[in-house]
Engineer: 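Please read through the structure below; I'll follow up with questions.
Counting starts at 1 for both ligands and their atoms, following the listed order. Counting begins at 1 with the first residue of the sequence.
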Amino acid sequence: MTNNKMYIIANWKMHDNSKSFKSLKRVAKLSNLKIFRKLKIIYCPTYTQITELINIFRKSKVEIGAQNCHHISEEGPYTGKVNARIIKKTGAKFVIIGHSETRSCGETLKNINHKIKSAIKENLKVILCIGETSSDKRKNKTKKVIERQIITALKNNNIKENLFIAYEPVWAIGSGIIPTNKELKFNLDLIKKILSKIGKKNIDILYGGSVNPKNINSLIKIKTLKGFLVGTASLNTKKFIDIIKKLIN
Ligand code: PGA
């Protein structure tokens with residue numbers, strides 16, 4: 001997917017956040033400005049708010065994504081699940097897959113592999129989340145964990161486009177702590193090497209985990225990064241706009 005675009009993705013998780021709907025018009029306006037043409041803004045709300053956000057952003061360049069999809073492509077008796085085909089029908093263009101919060105609810109490496117295949121089949125752009133836990137990090141298992149997550153997710157899958165890797169160390173998510181730039185660069189190089197080993201070296205890499213208007217100043221110095229996945233700070237439109245503005249300076 002590599003081009004010279006930067007991606008900023010709001011992951012609203014299981015937050016209603018409808019109180020911010022009015023303020024989203026400001027993001028819509030920004031996205032239409034010429035200076036923001038190299039920045040792609042994507043909102044991933046809950047399934048039930050996808051259509052509403054698509055309407056809010058109708059006349060803007062902002063795109064909408066889902067936070068997960070079921071691993072089975074066909075419709076069927078899967079109570080409470082939503083697959084890629086149904087997501088696609090809403091007009092959403094992106095889907096987050098393999099977030100640590102879905103992995104921790106029983107999602108397997110095989111599920112993730114199937115989810116990616118079904119999303120790509122529906123022409124959705126996939127944001128594949130990977131990252132080590134604090135225990136992996138303590139035990140020096142980061143490389144092993146990341147390698148396994150990438151290789152199993154992309155096994156028997158010849159996609160080279162419509163895919164992003166979001167490196168999200170689990171210990172950085174919602175904790176207010178982010179890796180040092182040195183640590184981050186080291187792990188990003190590792191991810192690049194793994195991707196290149198499996199013939200997918202052009203995949204854009206994003207970072208996620210406690211990104212906020214302050215620490216973005218140092219994160220943007222890492223040129224390997226093509227964007228950010230923002231949870232908590234994206235729920236506050238002012239903070240999210242602050243981050244967006246720093247990405248174009
Ligand atoms: P956070 O969440 O920004 O609140 O750490 C990021 C994510 O989980 O994608």
Engineer: Looking at residues at least two apart in the chain, or sitting in another chain, which of them share a side-chain contact (heavy atoms from CB on, under 4.5 Å) with K81?
Structural biologist: H70, Y78

Engineer: Can you tell me how far OG1 of T46 sits from CG of N68, rounded to the nearest 0.5 angstrom?
Structural biologist: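 The distance works out to 13.0 Å.
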
Engineer: Is it true that E168 and H99 share a donor-acceptor pair across their side chains at a distance under 3.5 Å?
Structural biologist: yes

Engineer: Could you go through residues 185-198 and list every donor-acceptor pair under 3.5 Å that involves a side-chain atom there, pairing it with any protein atom two or more places apart or in another chain?
Structural biologist:
unit_1 : atom_1 : unit_2 : atom_2 : d
N187   : ND2    : Y167   : OH     : 3.0
K197   : NZ     : E147   : OE2    : 2.8

Engineer: Over 60° means perpendicular and under 30° means parallel, so classify the ring planes of F21 and W12, tilted if in between.
Structural biologist: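 Correct class here is parallel.
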
Engineer: Who passes side-chain contact (heavy atoms from CB on, under 4.5 Å) against T133, sequence neighbours left out?
Structural biologist: S135, D136, V170

Engineer: Polar pairs, ligand 1 vs protein, N/O only, below 3.5 Å.
Structural biologist:
unit_1   : atom_1 : unit_2 : atom_2 : d
ligand 1 : 2 (O)  : K13    : NZ     : 3.2
ligand 1 : 3 (O)  : S210   : N      : 3.4
ligand 1 : 3 (O)  : G231   : N      : 2.9
ligand 1 : 4 (O)  : T232   : N      : 2.9
ligand 1 : 4 (O)  : T232   : OG1    : 2.5
ligand 1 : 5 (O)  : G174   : N      : 2.6
ligand 1 : 5 (O)  : S210   : N      : 2.7
ligand 1 : 8 (O)  : K13    : NZ     : 2.7
ligand 1 : 8 (O)  : H99    : NE2    : 2.7
ligand 1 : 9 (O)  : N11    : ND2    : 3.4
ligand 1 : 9 (O)  : H99    : NE2    : 3.2
ligand 1 : 9 (O)  : E168   : OE1    : 3.4
ligand 1 : 9 (O)  : E168   : OE2    : 2.7

